[in-house]
Amino acid sequence: MSELLDKIEYCIERGKVDKVSPYPPDLRGQDGSDELTKIALESGMNPADILESCNKGMLKIGEKFSRNEVFVPELLMAAKAMKAVMAHLKPYFQTGSVKAKGKFVIGTVAGDLHDIGKNLVSMVAEGSGWEVHDLGVDVKPVKFLDTIKNNPDCIVGLSALLTTTMENMAKTVQEIKKQYPGIRILVGGAPLTKDAAEKMGADGYAHDPQSAVEFLAKFNKAS
Ligand code: B1M
């Protein structure tokens, strides 16, 4: 069983999406993250364990990237391999209650294209019974404001992965609070800290999807 998880981790690290993918050349013809995840789930493996293996693979490719051992294309392939896994895991995160607990508007802030973590938070929130409006990546403050206008009872989630885009996150928080002081804002992403979140005026900070859902639970309208 753990051998299968190791293989999935390796596929993420190497950016091996599926059997027909010619990349990376040395793994040509072998199962990728797509097929291996399917096998793992069919054999009763815990989706959370699969996810953890993926995160380990991501961490490894990230470390290689930091050491200049791999470059952007390799990172992109790793993200693609992770997306293939997420497509299989999504239903497992979507078995929450039928009645929505409320609306959760989420997006990665302007200038930032990282969406894997944001998608995870989005999926887990959806699975916990929230009606999720995912605005995608590189979301300008105006798009958040427009969405809030149409969903004034929502909670907003902002994600940032770059130290540089934390500044855009702070601006987004300020613009939302200026126009809609009552809107609750949750922030998260690797460079964030509780302290930074407080300084930018956010209502909450979550370091992972579970803590994001715990924050949302305080505003559950279905209970
Ligand atoms: Co980028 N990248 N990247 N990248 N990338 C990082 C983030 C980096 C740390 C790599 C490194 O140098 N070691 C570094 C940032 C350094 C910094 O600013 N401190 C970096 C860089 C520099 C860049 C570029 C500038 C590279 C370049 O072009 N020179 C460029 C920027 C592009 C842009 O955004 N404008 C870039 C591009 C890319 C790709 C497009 C190639 C790709 C993204 C593909 C995609 O997302 N679709 C990519 C990737 C894959 C990474 C790494 C390897 C992995 C990120 C990831 O998905 N992690 C990353 C290194 C690393 O983290 N090891 C790196 C897995 C994910 C599950 O974790 O997103 O942290 P994470 O999400 C977590 C939590 O943070 C939390 O929950 C998630 C699950 O636990 N969370 C929230 C996230 N959002 C939340 C919101 C919440 C609550 C919790 O509430 C609302």
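Read the numbers this way: they start at 1 and go in the same order the structure lists the ligands and their atoms. Note that this is a predicted model, so its numbers are computed, not measured.
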Checking contacts now, so for [atom], which I'm interested in, is there any protein heavy atom under 4.0 Å?
| atom | value |
| --- | --- |
| atom 80 (O) of ligand 1 | yes |
| atom 52 (C) of ligand 1 | no |
| atom 58 (N) of ligand 1 | no |
| atom 91 (C) of ligand 1 | yes |
| atom 24 (C) of ligand 1 | no |
| atom 8 (C) of ligand 1 | no |

Worksheet item: Is it true that K199 and D195 make a salt bridge, defined as a side-chain N closer than 4.0 Å to a carboxylate O?
Response: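 Looking at D195 together with K199, the answer is yes, because their closest N to O distance falls below 4.0 Å.
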Worksheet entry | Salt bridge D134-K118, side-chain N to carboxylate O under 4.0 Å | yes
Working to the nearest 0.5 Å, report the span between [atom1] of [X] and [atom2] of [Y].
| X | Y | atom1 | atom2 | result |
| --- | --- | --- | --- | --- |
| I39 | D34 | CD1 | CG | 10.0 Å |
| K7 | L27 | NZ | CG | 11.0 Å |
| I61 | M82 | CD1 | CE | 13.0 Å |
| I8 | S2 | CD1 | OG | 11.0 Å |
| K177 | I185 | NZ | CD1 | 5.0 Å |
| T172 | E167 | OG1 | CD | 11.0 Å |

Discussion item. Using the rule salt bridge (charged side-chain N to carboxylate O under 4.0 Å, His left out), only one of E9, E69, E74 pairs with K60; which is it?
Written reply: E9
Practice prompt. Mind checking whether L192 contacts ligand 1 via backbone (N, CA, C, O), side chain (CB onward), both or neither, at a 4.0 Å heavy-atom cut-off?
Written response: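 Contact part for L192 vs ligand 1: neither.
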Discussion item. For atom 70 (O) of ligand 1, tell me which residue out of A79, G15, A190 has the closest non-hydrogen atom.
Written reply: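 That would be A190.
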Worksheet item: Out of S159, C54, A202, P73, who gets a non-hydrogen atom closest to atom 84 (N) of ligand 1?
Response: S159
Worksheet item: Given the rule in the side chain to side chain contact (heavy atoms under 4.5 Å, CB included) test, do D112 and D138 qualify, once you have shown the distances and angles that lead to the verdict?
Response: CA-CA 5 Å; D112 203 320; D138 189 20; over 6 Å; no
Item to complete: Apply salt bridge (charged side-chain N to carboxylate O under 4.0 Å, His left out) to D203 and K218, showing your working.
Response: CA-CA 12 Å; D203 300 284; K218 293 187 226 159; over 6 Å; no
Discussion item. Evaluate K171 against E175 for salt bridge (charged side-chain N to carboxylate O under 4.0 Å, His left out), listing each step before the verdict.
Written reply: CA-CA 6 Å; K171 281 185 196 148; E175 291 203 29; over 6 Å; no
Can you pull out the closest protein heavy atom to [atom]? Residue, atom name and distance to 0.1 Å, please.
| atom | value |
| --- | --- |
| atom 85 (C) of ligand 1 | G188 C, 3.5 Å |
| atom 40 (C) of ligand 1 | L76 CD2, 3.8 Å |
| atom 67 (C) of ligand 1 | L120 CD1, 3.5 Å |
| atom 78 (C) of ligand 1 | G117 CA, 3.7 Å |
| atom 54 (C) of ligand 1 | M58 SD, 4.0 Å |
| atom 89 (C) of ligand 1 | A206 O, 3.3 Å |
| atom 17 (C) of ligand 1 | T163 OG1, 3.2 Å |
| atom 13 (N) of ligand 1 | S66 OG, 2.6 Å |

Worksheet entry | Backbone N/O of A196 and side chain of T193: donor-acceptor pair under 3.5 Å | yes
Discussion item. Could you enumerate the protein N, O or S atoms under 2.8 Å from atom 1 (Co) of ligand 1, written like residue then atom name?
Written reply: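 As for protein N, O or S atoms lying under 2.8 Å from atom 1 (Co) of ligand 1, they are H114 NE2.
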Worksheet item: Can you list the steps and then say if V105 with E131 is a side chain to side chain contact (heavy atoms under 4.5 Å, CB included)?
Response: CA-CA 8 Å; V105 171; E131 181 186 316; over 6 Å; no
Sub-4.0 Å heavy-atom contact, [X] with ligand 1:
| X | answer |
| --- | --- |
| P191 | no |
| H207 | yes |
| G111 | yes |

Interfacing atoms of ligand 1 (cut-off 4.0 Å, heavy-atom, [X]):
| X | result |
| --- | --- |
| L186 | 90 (O), 91 (C) |
| G189 | 75 (O), 81 (N), 82 (C), 83 (C), 84 (N), 85 (C) |
| G157 | 91 (C) |
| D112 | 34 (O) |

Worksheet item: When only distance counts, is D208 in polar contact with ligand 1, meaning an N/O pair under 3.5 Å?
Response: no
Discussion item. When you compare ligand 1 with D115, is there at least one nitrogen or oxygen pair between them that comes in under 3.5 angstrom?
Written reply: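 Yes - when backbone and side-chain N and O of D115 are compared with those of ligand 1, one distance drops under 3.5 Å.
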Fill in: Test item: side-chain donor near acceptor, D18 and S21, under 3.5 Å
no
Worksheet item: Looking only at heavy atoms, what is the nearest atom pair of A110 and T165, with distance?
Response: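 Shortest heavy-atom separation between A110 and T165 comes out as O-CG2, 3.5 Å.
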Worksheet item: Given the rule in the side chain to side chain contact (heavy atoms under 4.5 Å, CB included) test, do K149 and F144 qualify, once you have shown the distances and angles that lead to the verdict?
Response: CA-CA 9 Å; K149 193 174 169 191; F144 282 107; over 6 Å; no
Discussion item. Restricting to ring-ring contact (aromatic ring centres under 6.0 Å, His included), what partner residues turn up for F215, sequence neighbours left out?
Written reply: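 Partners of F215 under the ring-ring contact (aromatic ring centres under 6.0 Å, His included) test: F219.
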Worksheet item: Do you reckon L36 sits in the same ILVMFWY cluster as I50, going by side-chain contacts under 4.5 Å, direct or chained?
Response: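 Linked within one cluster.
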